[in-house]
Number of protein chains: 2
Amino acid sequence: MGTATIRDVARQAKVSLKTVSRVINREGSVREETRARVQRAIEQLDYRPDLSARSLRSAKSYAIGLVYDNPNPYYIIAMQQGALTVCREMGFGLQIHPCNSRGPRLAEELRDLVRRSRLAGLVLAPPMSERVALLRELAAYNIPLVRVISAAEDPRDGFPCVFVDDRDAAYAITAYLIQLGHLRIGFLWGGKQHRSSPERYKGYEKALREYGVPLDEELVLEGDYSFDDGFRGARRLFGLAEPPTAIFGSNDEIAAGVLAAARAAGLHVPYDLSVAGFEDSPFSRHSWPSLTTSRQRTELISEHAARLLIAQIHGGNVANEGFSPELVVRGSTAPPRPRQ
Amino acid sequence: MGTATIRDVARQAKVSLKTVSRVINREGSVREETRARVQRAIEQLDYRPDLSARSLRSAKSYAIGLVYDNPNPYYIIAMQQGALTVCREMGFGLQIHPCNSRGPRLAEELRDLVRRSRLAGLVLAPPMSERVALLRELAAYNIPLVRVISAAEDPRDGFPCVFVDDRDAAYAITAYLIQLGHLRIGFLWGGKQHRSSPERYKGYEKALREYGVPLDEELVLEGDYSFDDGFRGARRLFGLAEPPTAIFGSNDEIAAGVLAAARAAGLHVPYDLSVAGFEDSPFSRHSWPSLTTSRQRTELISEHAARLLIAQIHGGNVANEGFSPELVVRGSTAPPRPRQ
DNA sequence: TTGCGTGTTGACAACGTTGTCATGAATGTC
DNA sequence: GACATTCATGACAACGTTGTCAACACGCAA
């Protein structure tokens with residue numbers, strides 16, 4: 001049968017190529033009757049416009065890129081899903097681009113990606129989204145972009161973004177632990193290359209301050225967003241003269257490491273130790289006990305970022321938008337044991 | 001600066017468009033000296049061929065699709081990564097396409113995808129890869145495809161594939177448990193829509209048979225590839241008059257559910273109960289205790305599938321290929337407690 | 001009647017690339 | 001030396017679409 005082209009549609013509807021093009025692109029100036037005739041022909045022939053031809057001819061392109069370097073598959077899949085939803089809705093293509101955030105020529109790499117695949121713009125996930133130098137370079141290449149970043153408020157720095165209030169979410173978790181009665185709460189940092197790490201720490205700090213709980217630097221350990229650092233960090237905290245009664249891991253993987261270390265040390269979670277994570281990964285639901293954590297609607301965030309990007313490409317003047325993760329209480333937290 | 005086109009390269013190298021095209025596509029019949037001159041011009045101008053124009057003009061396309069409907073993000077990310085590696089190497093684009101494997105008009109959906117995005121072919125992940133009716137429809141649409149399937153041997157049914165020997169891997173796990181001394185080994189099925197499920201069961205069965213361990217149907221429960229079914233299944237097994245001393249969950253999620261159920265029942269893994277999973281997901285490394293499981297090199301498998309597909313598109317006559325997962329022994333398995 | 005604005009339509013070129021075919025030069029064969 | 005064969009190269013059309021511009025029909029005011 002072959003594939004129907006705009007030419008076949010035009011012939012069938014007895015109009016010119018251009019008129020069909022107008023109908024497809026919802027341009028004005030087509031009589032209702034003509035439009036209907038063309039529509040019928042399109043359906044009869046099951047015609048679909050050819051993306052290559054389209055983006056070749058119009059300087060515009062009909063695809064965006066999703067750029068990430070994040071070892072967390074749940075996060076990435078959710079980001080992809082959100083972006084895809086919007087792309088399908090808007091008739092766009094999506095080009096995924098995992099990359100190395102520490103790569104030496106990242107800006108050039110992304111420029112080449114945009115050129116080669118004729119992308120209309122990029123959605124940047126953390127940590128690329130937080131490297132201002134990179135953003136500036138991309139802006140110099142005239143590449144439209146939308147960032148997903150961790151921030152307590154709209155940065156208003158000219159780069160459009162969707163911002164996630166990690167600080168507030170970490171505040172909520174810490175406040176919850178304090179309300180349970182915990183006064184010594186350990187904090188395990190995530191990787192410094194992610195802006196979410198200091199944000200989460202700030203939330204922790206703020207809650208302690210506001211509730212008048214002293215901040216003991218002994219209880220705060222640096223590390224990475226990894227199981228192993230959670231395990232190691234927890235072991236160090238257990239060895240303190242006055243160990244914490246609760247540990248807040250900066251993400252679920254860290255918290256999983258804490259759970260494992262607690263098991264190894266013979267501590268019973270949550271009775272001997274409360275543990276909280278961050279991210280609401282499936283792990284947090286399936287661990288034992290299941291983890292108290294913070295849920296961000298990654299898919300929605302990504303949808304929003306894609307929408308923002310496409311609106312920007314269409315020349316719209318669109319506002320940034322913020323999301324606040326919500327506290328999810330599960331079985332890994334409880335009031336501390338009464339002092340003996 | 002704008003983007004350099006083949007025309008600019010031709011001017012700079014003082015040759016015709018066609019000659020540049022020949023150099024790019026590694027066609028024969030270009031003098032070494034000319035080729036070098038063109039290459040230099042390409043590098044000076046940092047020229048990259050435009051994918052849209054290319055695929056518009058040549059009937060050939062320079063992108064393949066990856067089709068999946070699998071709730072396991074680790075698996076999907078690995079599949080994507082493998083396919084991307086090959087695509088970058090070969091100068092192809094990759095279109096990801098998550099879809100609903102039970103959708104009513106899947107074949108049409110995929111045909112439209114291929115047409116719209118001008119895909120040269122598809123890599124199908126399970127369970128789409130196992131639905132023969134779908135394969136036939138796609139073949140009728142002349143869509144080149146490569147499947148990733150679960151099979152003990154090359155099916156030789158005309159549809160190219162990469163096959164993973166789940167049966168053998170399940171055999172290895174079961175045999176290992178038997179060698180530890182287990183005689184009552186529970187088996188929790190995965191979802192029936194995945195061909196890997198019966199394959200894994202067959203491996204379990206075969207090991208019991210070969211080692212002369214009686215197969216007790218009471219110990220075999222159906223379910224899905226989910227944490228909850230693992231939890232429920234384990235609870236039922238614990239309630240038997242003569243409960244199992246080991247449980248083999250058809251994947252790591254099921255095994256995670258078993259771990260949780262064991263915790264809830266006060267059973268100490270691995271001393272009171274051995275647990276084995278399948279897949280080597282990060283969960284299996286981070287659970288407590290970490291899970292004995294089976295590792296498949298998903299990224300390699302996907303790479304191979306993509307290579308097979310591209311070779312097929314190029315008209316090569318390529319052989320199917322098999323992969324065997326390998327046994328990974330961790331802390332969740334041990335010899336059974338001596339009978340009291 | 002003329003002139004003008006508006007709404008609808010089509011002819012044609014162009015996007016950047018590759019396929020087809022033609023051309024001329026170099027080489028081999030008798 | 002004549003002719004066939006191969007090699008290297010280029011001119012040109014074509015892929016399917018959209019942008020530009022012109023043309024036409026219509027209604028309305030002068």
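Proteins get letters first, then strands, A, B, ... in listed order; numbering begins at 1 in each. Predicted model only: the values in this text are computed from it and were never measured. Every heavy atom of this structure was used, including side-chain atoms; hydrogens, water molecules and symmetry mates were not.
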- Should we say atom CZ of A:R35 is surrounded by more than 12 heavy atoms from elsewhere, each under 6.0 Å from it? yes
- Message: Rounding to an integer number of Å, can you tell me how far B:E33 CD sits from D:dC7 C1'?
- Response: 15 Å
- Assess whether side chain to side chain contact (heavy atoms under 4.5 Å, CB included) is satisfied between A:I24 and A:I6, documenting all intermediate values. CA-CA 10 Å; A:I24 298 166; A:I6 201 173; 4.0 Å; yes
- Within less than 4.0 Å of OP1 or OP2 of D:dG10, is there a side-chain N or O belonging to B:T19? yes
- How does each nucleotide of nucleotides 21-28 of chain D score, in 5' to 3' order, for protein heavy atoms under 4.0 Å: base (B), sugar-phosphate only (S), or none (-)? --------
- Please report the C-alpha distance between B:C99 and B:L106 in whole Å, then the side-chain angles of each, then the deciding distance to 0.1 Å, and finally whether the side chain to side chain contact (heavy atoms under 4.5 Å, CB included) criterion is met. CA-CA 8 Å; B:C99 67; B:L106 195 49; 3.9 Å; yes
- Task: Examine distances only and state if a side-chain atom of A:R147 and a backbone atom of A:F159 form a donor-acceptor pair shorter than 3.5 Å.
- Result: yes
- Query: Are the side chain of A:T34 and the backbone of A:V30 linked by a donor-acceptor contact shorter than 3.5 Å?
  - Reply: no
- Item | pair B:I149-B:H194: side-chain heavy atoms closer than 4.5 Å | no
- Message: Any carboxylate oxygen within less than 4.0 angstrom of a Lys/Arg side-chain nitrogen, looking at B:D46 and B:R48?
- Response: yes
Could you give the side-chain donor-acceptor pairs of residues 80-93 of chain A under 3.5 Å, partners two or more places apart or in another chain?
unit_1, atom_1, unit_2, atom_2, d
A:Q80, OE1, B:Q80, NE2, 2.8
A:Q80, NE2, A:Y68, OH, 3.1
A:Q80, NE2, B:Q80, OE1, 2.8
A:T85, OG1, A:Q81, O, 2.8
A:R88, NH2, B:H97, ND1, 3.4
A:R88, NH2, B:P98, O, 3.0
A:E89, OE2, A:R307, NH1, 2.7

- What is the distance, rounded to the nearest whole Å, between atom CD of B:E32 and atom C1' of D:dA8? 13 Å
- Note on the structure: First and last nt of DNA chain C near chain A, cut-off under 4.0 Å to heavy atoms, 5' to 3', are C:dT8 to C:dG16
- Message: Would you say CD of B:E108 has more than 12 non-hydrogen atoms from neighbouring residues, nucleotides or ligands within 6.0 angstrom?
- Response: yes
- Message: I'd like to know whether A:L113 forms a side chain to side chain contact (heavy atoms under 4.5 Å, CB included) with A:L122, so could you lay out the CA-CA distance, the side-chain angles of the two residues, the decisive distance to 0.1 Å, and finally the verdict.
- Response: CA-CA 10 Å; A:L113 170 74; A:L122 299 177; 4.2 Å; yes
- Message: Need the bend value for the helix from C:dT1-D:dA30 to C:dC30-D:dG1: angle between end axes, 5 pairs each end, nearest 10°.
- Response: 50°
- Task: State whether the side chain of B:D50 and the backbone N or O of B:S52 hold a donor-acceptor pair below 3.5 Å, judged by distance alone.
- Result: yes
- Message: Which residues in residues 41-58 of chain B have a heavy atom closer than 4.0 Å to any atom of DNA chain D?
- Response: B:L56, B:R57
- Note on the structure: Per nearest nucleotide of DNA chain C, the residue lying toward the 5' end, A:V30 or A:L17, is A:V30
- Message: Quick check: do A:L119 and A:I64 have side-chain heavy atoms less than 4.5 Å from each other?
- Response: no
- Mind jotting down which residue pairs meet the side chain to side chain donor-acceptor pair (under 3.5 Å) criterion with at least one end in residues 127-137 of chain B? Sequence neighbours excluded, please. none
